[in-house]
Amino acid sequence: MSLEQFISNAISPWMKDPGPDDDIVMSTRIRLARNLEDYPFPSSTSQEAARALYKHVYEQLSRTSNEKVGKLIWLPMDGLSKIEKTVLVEKHLTSPQLAEESEQGAVVLNNDETISMMVNEEDHLRIQCLSPGFQLSEGYEAADELDDWIESHVTYAFDEKKGYLTSCPTNVGTGMRASVMMHLPALVTTQQLNRILPAVSQLGFVVRGIYGEGSEARGNLFQISNQMTLGKSEEDIIEELRGVVLQLIERERNTRRELLKHNQLQLSDQVHRSYGILANSRIIESKEAANHLSTLRLGIDLDLIRGIEGNILNELMVLIQPAFLQQFAEQGLTADGRDERRATLIRERLKLETIQDGGGET
Amino acid sequence: MQCQECNQRQATLHFTKIVNAKKTEMHLCEMCAKEKGDEFAGSNSYSIHDLLSGLLNVDPSTGSGEGYSQQVGQAYTLQCPKCSMHYKDFINNSRFGCSYCYEAFSAKLDPILKRVHGGNHTHTGKIPKRQGGRLKLKREISSLKTKMQTHIDREEFEHAAEVRDKIRELQEAKEKEEGL
């Protein structure tokens, strides 16, 4: 398989499309946690009860389809290899918990992987809608539609006062977690983000590095999501998150403009050095790769370098993860082996493009 | 940042300890953190659930651990009739056994939910469509009953009668819905 084919098969189809404000917002994700009435929650259930839940959901949902939801592919966890499961984790289509622990779990996907649903994770159903760029309302509409369709076939555990009943009390109410992945290199470089993030947390939003809970931010990528799920409507949560994200977008854009105005030569030097490292390394660790990819992406956005597709950061951040590297190598790899394969993959990827020196705005 | 124990590897675990307003920070690599495991019990797998269990273990009425033991006996007798989960198990792993646990532990739940959800304990969001018809009617009936009582209090009996008829109508619709 050629590298182009590999990349094309590996990244989710939706990632290839441009999205609104995608110079700053990489992707938007809406997740709904749902449980069915009269089935114990997955975290405390027996294998038989989990199997019964899966069978019921599969029977109810696989027989019919919805025009807007489209055809869904069912992938039971016990039918997947370890690498296949890890690939699903690295594409954020399933959680490490479901991939590692569940024998009765499954992932349900639509064709372009914008819709995914985990069965028997912490909750019976975790509905997820992913979209490129900044699309909170569109993402929620899609999730809401899928949710309505599912609810027309199964009976949810719902309480008038507590809302959707979830396994963990942190998700009860709307069961909704809305998150936006942002690339904020200028705010990081100018150390403004250190001051902004505590304020964002005080407003009830959580900021995390892209590899989830407790992880550090790599490649200047940050995921911002709502913390509270009870006492606010879905629309309110989305509006408040939109407000915070819009402010961050504006500040990041302004800071980029300022940097370009006062430090164009230094910025251009950094961008080309990063390109040089990525295009010539023989061994590269994921953190170093992520940081140079972030600088390169900034250079593309500011027109300091031309001939490289803007989605290279999204694409390579997925591809340089362990399971993808092993798929690319068609073998299991040690950490050193992965560093070598990572360098090769990035070099090959950059060779597909024709690099030109950009002028940059002044 | 380098690990302050071995000064060789990258520090990936960062601890902040606050004792009597004195803050101590530690930055360790995974290997050194493992070696110091006893000092940082559970640090390798510290998750949102551990954090939440810690929060749940605090007595909501006093806002501190004090008085907790007095409540233990009372709280620990709570058990979900459906899945048999004990309240103490919920406190330990911060996850419910089934949807009926919410009702079984309801006496203890509101302060916990308030703590987790910025002071809120009542859902105001989406209502499932199919199940929702009945719930919407229930909400409407309850609000009309309050309205009727207000009219009665003000001795506006004609208005109260109008509202009463409306309530009857909705109650019939609700019974029909439940019968389906």
Side-chain angles (χ1 to χ4, degrees), chain A residues 32 34-45 49 97 122-124 140 144 147-176 203-204 206 213-216 227-237 285 287, chain B residues 1 10-14 43-49 51-53 55-56 80 82-85 89-91 93-103 105-106 108-132 134-136 138-139 142:
Chain A
L32 302 175
R34 298 287 187 257
N35 289 284
L36 270 59
E37 221 173 54
D38 294 327
Y39 286 88
F41 290 155
S43 48
S44 64
T45 199
Q97 191 189 336
E122 185 179 289
D123 293 296
H124 292 145
Y140 177 64
D144 189 35
D147 183 43
D148 286 346
W149 175 69
I150 295 170
E151 198 253 333
S152 67
H153 293 88
V154 299
T155 305
Y156 283 153
F158 182 85
D159 175 80
E160 209 181 338
K161 287 208 174 104
K162 301 281 174 274
Y164 292 92
L165 303 176
T166 52
S167 178
C168 182
T170 53
N171 294 315
V172 75
T174 60
M176 183 176 81
L203 292 169
V206 187
E213 254 171 53
S215 69
E216 60 179 319
Q227 187 167 25
M228 286 171 262
T229 53
L230 186 64
K232 282 181 182 172
S233 70
E234 289 81 356
E235 289 76 12
D236 288 344
I237 294 171
E285 282 184 9
K287 191 177 176 184
Chain B
M1 184 181 284
Q10 181 83 18
T12 51
L13 295 159
H14 309 276
S43 58
N44 289 333
S45 58
Y46 203 78
S47 68
I48 178 79
H49 296 291
L51 188 68
L52 201 60
S53 294
L55 273 177
L56 300 182
C80 174
K82 189 86 176 176
C83 72
S84 310
M85 179 178 261
D89 297 329
F90 165 62
I91 290 288
N93 67 18
S94 75
R95 285 188 244 191
F96 296 104
C98 72
S99 57
Y100 294 88
C101 291
Y102 277 90
E103 211 181 312
F105 306 151
S106 64
K108 291 267 147 200
L109 222 48
D110 278 0
I112 291 170
L113 294 177
K114 268 186 176 177
R115 197 176 280 266
V116 180
H117 294 282
N120 301 316
H121 57 74
T122 307
H123 179 60
T124 54
K126 182 176 175 177
I127 294 173
K129 272 194 177 157
R130 194 168 51 88
Q131 290 152 271
R134 183 168 50 91
L135 289 171
K136 267 186 201 156
K138 214 172 129 190
R139 270 189 192 184
S142 142

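All chains are named by letter (A, B, ...) in the order of the sequence lines, taking the proteins before the strands, and each is independently numbered beginning at 1.
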Go through B:Ser99 and A:Phe41 one step at a time and tell me if the side-chain contact (heavy atoms from CB on, under 4.5 Å) criterion holds.
CA-CA 7 Å; B:Ser99 57; A:Phe41 290 155; 4.0 Å; yes
Side chain B:Tyr100, main chain A:Asp38, donor-acceptor under 3.5 Å:
no
Minimum heavy-atom distance A:Glu234-B:Gly125, with the two atoms named
OE1-CA, 3.4 Å
What part of A:Asp236 is in contact with chain B, defined as an atom under 4.5 angstrom from a non-hydrogen atom: side chain, backbone, both or neither?
neither
Report the option among B:Met85, B:Glu103, B:His121 that has the most heavy-atom pairs separated by less than 4.5 Å from atoms of chain A.
B:His121
Does A:Val172 form a side-chain contact (heavy atoms from CB on, under 4.5 Å) with B:Tyr102? I'd like the steps, not just the answer.
CA-CA 10 Å; A:Val172 75; B:Tyr102 277 90; 3.4 Å; yes
Given B:Lys126 and A:Asp148, is the side-chain contact (heavy atoms from CB on, under 4.5 Å) satisfied, shown in steps?
CA-CA 11 Å; B:Lys126 182 176 175 177; A:Asp148 286 346; 2.9 Å; yes
Roughly how far apart are B:Gln131 CD and A:Ser152 OG, rounded to 0.5 Å?
11.0 Å
Contact summary for A:Met228 and B:Asn120, nearest pair of heavy atoms:
SD-ND2, 4.3 Å
Donor-acceptor check, side chain of A:Gln227 to backbone of B:Gly118, threshold 3.5 angstrom: yes or no?
no
Can you give me the closest heavy-atom contact between A:Pro40 and B:Cys98, atom names plus distance?
CA-CB, 4.0 Å
Would you check if the side chain of B:His117 reaches a backbone N or O of A:Thr229 as a donor-acceptor pair within less than 3.5 Å?
yes
Is it the case that the side chain of B:Thr124 and the backbone of A:Gly231 share a donor-acceptor pair, with hydrogens and angles ignored and the cut-off at 3.5 Å?
yes
Between the OG1 atom in A:Thr170 and the CD1 atom in B:Ile112, the distance rounded to the nearest 0.5 Å is 12.5 Å
Who passes salt bridge (Lys or Arg N to Asp or Glu O under 4.0 Å) against B:Asp110, sequence neighbours left out?
A:Lys162
Polar side-chain atom of B:Arg130 near backbone of A:Val154 as donor-acceptor pair, under 3.5 Å
yes
Between A:Thr166, A:Ile237, A:Leu36, which residue shows the highest count of heavy-atom pairs closer than 4.5 Å to chain B?
A:Thr166
Short side-chain to backbone donor-acceptor contact, A:Glu151 and B:Lys129, under 3.5 Å
yes
How many angstroms lie between OG in B:Ser142 and CD in A:Glu160, if you round to the nearest 0.5 Å?
7.5 Å
Hey, could you give me the CD1/OG distance between B:Ile127 and A:Ser233, rounded to the nearest 0.5 Å?
11.5 Å
